[in-house]
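Just so we're clear, the structure is a prediction, and the values are computed from it rather than from any experiment. Because only heavy atoms are used, hydrogens play no part in the values below, and waters and symmetry mates are left out as well, while side chains stay in.
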Amino acid sequence: MSCPFMREPEFTRTTNTPGSVATGNINTEVYTNNDGVYYSDYLKLDTLLQLQVPESGKKGVAAHEEHLFIIIHQTYELWFKQILHELDSINSLFKQNHLPERFLGIIVNRLERITSILKVLVDQITILETMNPLDFLEFRDGLHPASGFQSLQFRVIENKLGMTIAGRIQYQQNNYHSFFSDTHKTHLHESEKEISLLVLVIRWLERMPFLSFGDFDFWKSYKEAVKKIMDKEREAISSNPNLSEDLVRIHLSEIKKNEESFMTLFDEEKYKVRLERGDVKFSYKAMQAALFISLYKEEPICHMPHRVLTLLTEVDEQLSLWRYRHALMVQRMIGVKIGTGGSSGYHYLRSTVSDRYKVFIDIYNLASYFIPRNTLPQLPLSIASQMDFVWSTSNKKEDSDGTAEPLPDNVL
């Protein structure tokens with residue numbers, strides 16, 4: 001891909017006349033830029049490159065490694081800003097009551113961009129690790145009581161994705177708002193009031209018309225398929241002459257547990273108990289739709305929705321990897337010392353690498369309910385044809401002027 005700045009600028013060529021600057025027989029070229037944008041001005045580089053001010057330099061000679069420390073964290077914040085930019089546009093699209101297929105394509109593209117950025121953030125820790133612990137100690141004391149925990153943008157990202165206050169591990173036995181300035185507290189409260197991506201995805205899934213098609217009841221057919229699989233497994237274990245009585249009992253017990261897990265999925269009331277308890281986040285209807293999309297992902301109409309679900313788990317995965325790598329890096333740098341912000345340092349960071357911080361963990365757990373393709377309920381031909389892509393002049397939602405529905409404002 002070519003650089004967007006690679007175009008021919010306007011030059012004024014000097015000649016070897018008195019007052020001109022020349023080296024040998026080669027004349028210099030003086031940039032005049034009579035119109036258009038200048039690279040440095042466009043990127044505000046004169047300001048940006050003056051923002052690295054080491055604290056250690058205020059008390060004497062600046063520690064060499066602090067410059068890297070500042071650059072790394074400023075770069076993180078720039079990428080966080082881009083993630084928020086993408087996340088806001090994704091949420092705007094999901095807020096539409098009717099979400100056309102082409103909108104899903106944009107959502108997929110921007111989720112892919114977020115995951116790509118997160119991978120860069122994980123890899124960036126490798127650069128920070130070129131600084132050894134003794135180098136860090138040269139300027140660490142000057143950072144008190146600041147802490148990476150106070151990254152407003154990262155906390156807002158978590159909130160916009162769907163992290164709740166109840167889902168967070170308390171920081172120094174306090175609500176996380178306590179460690180931010182009053183202005184930043186206001187931003188945090190505002191982000192908590194917004195409809196999160198998790199809620200928007202649940203609402204989108206609940207609108208999916210994939211569970212009952214006339215005489216075909218997917219849920220009933222799927223339940224029967226699961227029962228057949230369980231019965232077959234039970235028979236195979238019970239009739240296996242190579243298994244001892246103890247092993248038979250153990251295996252049958254595991255099948256029983258598996259059945260009970262499926263029963264909570266088949267019984268809406270039992271599922272609601274799990275939802276109220278916080279064991280799951282998806283509503284019953286959203287869980288059903290997500291499972292259908294995953295099981296029938298080869299059906300053309302399910303391609304993009306399945307890609308969306310997959311990318312949501314990748315966002316969670318990359319955030320988990322970043323938290324894990326960050327925790328390891330902190331342990332390597334300061335061992336089990338208290339963090340500059342007063343936290344337990346490594347031990348606190350390690351506690352955030354858990355399922356409670358996975359916003360879309362229900363999509364991960366869908367795999368618990370997958371069954372082999374050759375046992376899936378066969379979709380009736382009339383249903384399968386509805387799930388294919390066909391040219392039609394009647395299915396596409398049109399605007400009042402007869403044109404295709406436009407994208408929401410601030411999306412493109």
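Remark: K95 NZ is packed, more than 12 non-hydrogen atoms of other residues, nucleotides or ligands lying under 6.0 Å away. In this structure, Q378 places its CD atom where only 12 or fewer heavy-atom neighbours from other residues, nucleotides or ligands lie under 6.0 Å away. Summarising the local packing, CG of N97 is surrounded by 12 or fewer heavy atoms from other residues, nucleotides or ligands at distances under 6.0 Å. Around the CZ atom of R373, the shell of radius 6.0 Å holds no more than 12 heavy atoms that belong to other residues, nucleotides or ligands. Within a 6.0 Å sphere centred on OH of Y284, other residues, nucleotides and ligands contribute more than 12 heavy atoms.
Closest heavy-atom contact between G167 and Y357: O-CE1, 4.3 Å. The nearest pair of heavy atoms linking V156 to S191 is CG1-CB, 3.9 Å. The heavy-atom pair separating L312 from V201 by the smallest distance is CD1-CG2, 3.8 Å. Nearest heavy atoms, V280 versus L275: O-CD1, 3.4 Å. The nearest pair of heavy atoms linking M333 to L128 is CE-O, 3.7 Å. A pairwise comparison of heavy atoms in V353 and S320 identifies CG1-O, 4.2 Å as the closest pair.
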Open item on the list: Show, in sequence, the C-alpha distance, side-chain angles and deciding distance for Y176 and F179, and conclude whether the ring pair (Phe, Tyr, Trp, His ring centres under 6.0 Å) test is met.
Closed with: CA-CA 6 Å; Y176 83 115; F179 301 90; 9.4 Å; no

Task: H177 vs H189, ring pair (Phe, Tyr, Trp, His ring centres under 6.0 Å): CA-CA, chis, key distance, verdict - done: CA-CA 9 Å; H177 301 100; H189 286 305; 4.4 Å; yes

Open item on the list: Pair S294, Y369 - check side chain to side chain contact (heavy atoms under 4.5 Å, CB included), show working.
Closed with: CA-CA 10 Å; S294 300; Y369 308 110; over 6 Å; no

TODO: Could you walk me through whether L376 and Y296 pass the side chain to side chain contact (heavy atoms under 4.5 Å, CB included) test, one step at a time?
DONE: CA-CA 9 Å; L376 282 175; Y296 293 94; 4.1 Å; yes

Task: E269 and R274: CA distance, side-chain angles, deciding distance, salt bridge (charged side-chain N to carboxylate O under 4.0 Å, His left out) verdict - done: CA-CA 9 Å; E269 292 306 314; R274 295 183 66 204; over 6 Å; no

- [ ] Take I90 and F103 through the test side chain to side chain contact (heavy atoms under 4.5 Å, CB included) and record every step on the way to the result.
- [x] CA-CA 9 Å; I90 291 168; F103 286 19; over 6 Å; no

Task: Chi angles and distances behind the salt bridge (charged side-chain N to carboxylate O under 4.0 Å, His left out) call for K228, E235 - done: CA-CA 11 Å; K228 288 179 180 178; E235 181 182 354; over 6 Å; no

Task: Test salt bridge (charged side-chain N to carboxylate O under 4.0 Å, His left out) applied to E86 and R113, step by step - done: CA-CA 8 Å; E86 305 299 342; R113 183 174 296 158; 2.9 Å; yes

- [ ] For R325 and E129, run salt bridge (charged side-chain N to carboxylate O under 4.0 Å, His left out): C-alpha distance rounded to whole Å, both residues' side-chain angles, the deciding distance at 0.1 Å, then the answer.
- [x] CA-CA 10 Å; R325 285 291 306 279; E129 288 177 336; 3.5 Å; yes

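Aromatic ring pairs are classed by plane angle as parallel below 30°, tilted from 30° to 60° and perpendicular above 60°; the pair F69 and H73 is tilted. Relative orientation of the F262 and Y222 rings is tilted, given thresholds of 30° and 60° on the angle between their planes. Using bins of under 30°, 30° to 60° and over 60° for the plane-to-plane angle, the ring pair F180/F149 lands in the tilted bin.
Taking the six-membered ring for Trp and the full ring otherwise, F154 and W79 have centroids separated by 6.0 Å or more.
Counting only heavy atoms from C-beta outward, the side chains of T164 and N159 never approach each other to under 4.5 Å. Using a 4.5 Å heavy-atom cutoff, the side chains of I334 and P133 are not in contact. Looking at Y271 and T264, their side chains never come closer than 4.5 Å, going by heavy atoms from C-beta outward. Using a 4.5 Å heavy-atom threshold, the side chains of R155 and M163 count as separate. Counting heavy atoms from C-beta outward, F80 and S151 have side chains that approach closer than 4.5 Å. With a 4.5 Å cut-off on side-chain heavy atoms, L161 and L319 count as touching. Residues V308 and M304 are not in side-chain contact: their nearest non-hydrogen atoms beyond the backbone lie 4.5 Å or more apart. No side-chain heavy atom of V248 sits under 4.5 Å from any side-chain heavy atom of E245.
Going from atom CD of E194 over to atom NZ of K160 covers 3.0 Å, rounded to the nearest 0.5 Å.
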Enumerate donor-acceptor pairs with a distance under 3.5 Å from any side-chain N or O in residues 358-365 to protein atoms, sequence neighbours excluded.
residue: K358; atom: NZ; partner: D355; partner atom: OD1; Å: 3.2
residue: D362; atom: OD2; partner: K281; partner atom: N; Å: 2.6
residue: D362; atom: OD2; partner: F282; partner atom: N; Å: 2.5
residue: Y364; atom: OH; partner: T313; partner atom: O; Å: 2.8
residue: Y364; atom: OH; partner: E317; partner atom: N; Å: 3.2

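A salt bridge links K227 with D231: at least one charged nitrogen is closer than 4.0 Å to a carboxylate oxygen. A salt bridge links K58 and E55; the closest N-O separation between the charged side-chain nitrogens and carboxylate oxygens is under 4.0 Å. Between E268 and K285, none of the side-chain N atoms (NZ, or NE/NH1/NH2) sits under 4.0 Å from a carboxylate O, so this pair counts as no salt bridge.
With Q124 contributing its side chain and I72 its backbone, the two residues share a donor-acceptor pair below 3.5 Å.
For E66 and S56, the side-chain atoms include at least one donor-acceptor pair closer than 3.5 Å.
Among the candidates L200, I107, V199, I195, the single residue satisfying the side chain to side chain contact (heavy atoms under 4.5 Å, CB included) test with N91 is L200.
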